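Right, one structure below, let's go through it.
All values below come from the heavy atoms of this structure, side chains included, with hydrogens, waters and symmetry mates left out. Just so it is clear, the structure is predicted and the values come from calculations on it, not from any experiment.
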Amino acid sequence: VSPDERYIVFRSDRSGTNSVWRIDIDGSNPKQLVAGADKPGSFSPDGGEIIFLRNLNKQTVWKVSIEGGEPVQLTDKQSTSPRFSPDGKQFVCLLFDDAEGGPKIAIFPSTGGSPIKTFPAPKTIGTSLRWTPDGQSIAYADSKGGVGNIWTQPVGGGTPKQLTNFTSELIY
C-alpha cells in the first residue's frame, strides 16, 4: 500500500506473464506498471516510485514510477529484498557477488550504481531486510542454530546487534 494510501501494488500474471500492477485502494483502475517483473519490493517514501525485482538471466533490482513508464535497472548483480530508506535517498538489498562469495547487505543510492556500503551477511539470514525508522540500521532475521532472532546492522558500520533472544522457532 502506498504511503498516501492511494494505491496497492502487487504481482499478477493476469496479462500472461508475471507483472507488477497498481490499483486504486478501492480495487478500481488496474494498471500494469511493468511486464516481466518478479515482485514489488517497496514504495519510495513519497509514493512516487516502486522498487521491484526482475529476473532477466539473474534477479536484479529495478524501479519505476507509480504512473508507469520505462523501468530503470539499479543493480547488475544477483540481488533480492530491496527496500527504500526512510528518506528515499538509498535502498538496501541482499547482494550476491560470486567473486566475493556469500550474500552481503548492500546499500545503494536510489539512482543505482555501485554500492555505497556493504556488510557481510550471515549465511543464515532471512530474505527480508527492513530499515529502522530512523534510517540508522538495517534489521533482519537470522536463523543461526535453527532459531530465528532479529538483528540490526548499523549503517555507519560496527558490529551487528541482536535485538531478540528467542530460544525456539523460526521467523519468516
Side-chain angles (χ1 to χ4, degrees), residues 1-11 20 22 37-55 58-64 66 72-98 100-172:
V1 175
S2 63
D4 62 5
E5 298 182 1
R6 228 177 120 196
Y7 301 115
I8 299 170
V9 173
F10 60 99
R11 178 182 75 175
V20 174
R22 178 197 84 196
D38 286 342
K39 67 179 188 176
S42 72
F43 277 94
S44 60
D46 67 3
E49 295 176 315
I50 60 157
I51 200 166
F52 65 95
L53 297 174
R54 183 177 249 179
N55 194 343
K58 63 184 165 191
Q59 188 167 267
T60 53
V61 178
W62 295 66
K63 72 176 177 178
V64 70
I66 192 62
V72 176
Q73 186 172 356
L74 301 178
T75 65
D76 62 358
K77 292 186 170 81
Q78 180 78 20
S79 313
T80 191
S81 305
R83 294 284 171 196
F84 274 110
S85 62
D87 65 6
K89 294 179 181 176
Q90 302 171 333
F91 71 93
V92 66
C93 68
L94 280 177
L95 183 67
F96 297 85
D97 185 348
D98 293 333
E100 298 179 27
K104 291 185 174 32
I105 298 170
I107 299 173
F108 288 84
S110 63
T111 54
S114 298
I116 298 167
K117 294 181 181 181
T118 61
F119 306 96
K123 293 192 184 321
T124 51
I125 192 169
T127 57
S128 291
L129 302 174
R130 298 290 188 271
W131 291 84
T132 56
D134 63 6
Q136 299 301 306
S137 296
I138 307 299
Y140 59 89
D142 184 354
S143 59
K144 182 174 22 181
V147 176
N149 276 288
I150 300 172
W151 290 71
T152 58
Q153 170 63 60
V155 297
T159 305
K161 178 181 176 188
Q162 186 173 347
L163 296 182
T164 61
N165 193 23
F166 300 125
T167 58
S168 67
E169 309 302 326
L170 293 172
I171 296 173
Y172 293 96

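What you find for Lys63 and Ser110 is that their closest heavy atoms are NZ-O, 2.9 Å. In terms of heavy-atom proximity, Gln162 sits nearest to Thr164 at NE2-O, 2.7 Å. The two residues Trp151 and Lys144 have their closest heavy-atom pair at CZ2-NZ, 4.0 Å. Closest approach of Pro122 and Pro103 over heavy atoms only: O-CG, 4.3 Å. Minimum interatomic distance between Val147 and Ser168 (heavy atoms only, all atoms of both residues): CG1-N, 3.6 Å.
Note that the SG atom of Cys93 and the CG atom of Leu74 stand 9.0 Å from one another [nearest 0.5 Å]. Distance check, rounded to the nearest 0.5 Å: CD1 of Ile8 to CZ of Phe43 gives 9.0 Å. Note that CD1 of Ile171 and OH of Tyr140 are 12.0 Å apart. Values are rounded to the nearest 0.5 Å. Atom CG of residue Leu94 and atom OG of residue Ser128 lie 9.0 Å apart, to the nearest 0.5 angstrom. To the nearest 0.5 Å, atoms CZ (Phe10) and CZ (Arg22) are separated by 10.5 Å. How far CG of Leu129 is from CD of Gln153: 11.0 Å, rounded to the nearest 0.5 Å.
A donor-acceptor pair under 3.5 Å is formed between the side chain of Thr132 and the backbone N or O of Ser137. The main-chain N or O of Leu95 is never found under 3.5 Å from a side-chain atom of Lys77 such that the two would form a donor-acceptor pair. Of the possible donor and acceptor atoms, none in the side chain of Arg83 sits under 3.5 Å from a partner among the backbone N and O of Trp131. At least one donor-acceptor pair under 3.5 Å links the side chain of Lys117 to the backbone N or O of Val155. Without hydrogens or angle criteria, Ser85 side chain to Gly135 main chain gives no donor-acceptor distance under 3.5 Å. With hydrogens and angles ignored, the 3.5 Å screen pairs a side-chain donor or acceptor of Gln59 with a backbone N or O of Ser79. For the pair Ser44 (side chain) and Glu49 (backbone), a donor-acceptor distance under 3.5 Å is present. Asn149 places a side-chain N or O within donor-acceptor distance of the main-chain N or O of Phe166, the cut-off being under 3.5 Å.
Contact check for Pro109 versus Ile116: side-chain heavy atoms found under the 4.5 Å cut-off. Taking the side chain as every heavy atom from C-beta outward, Pro154 and Gln136 never approach each other to under 4.5 Å.
Checked against Leu53 for a side chain to side chain contact (heavy atoms under 4.5 Å, CB included), the options Val61, Thr60, Val20 give a single hit: Val61.
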For this session: Apply side-chain contact (heavy atoms from CB on, under 4.5 Å) to Thr75 and Phe91, showing your working.
Result: CA-CA 11 Å; Thr75 65; Phe91 71 93; 3.8 Å; yes

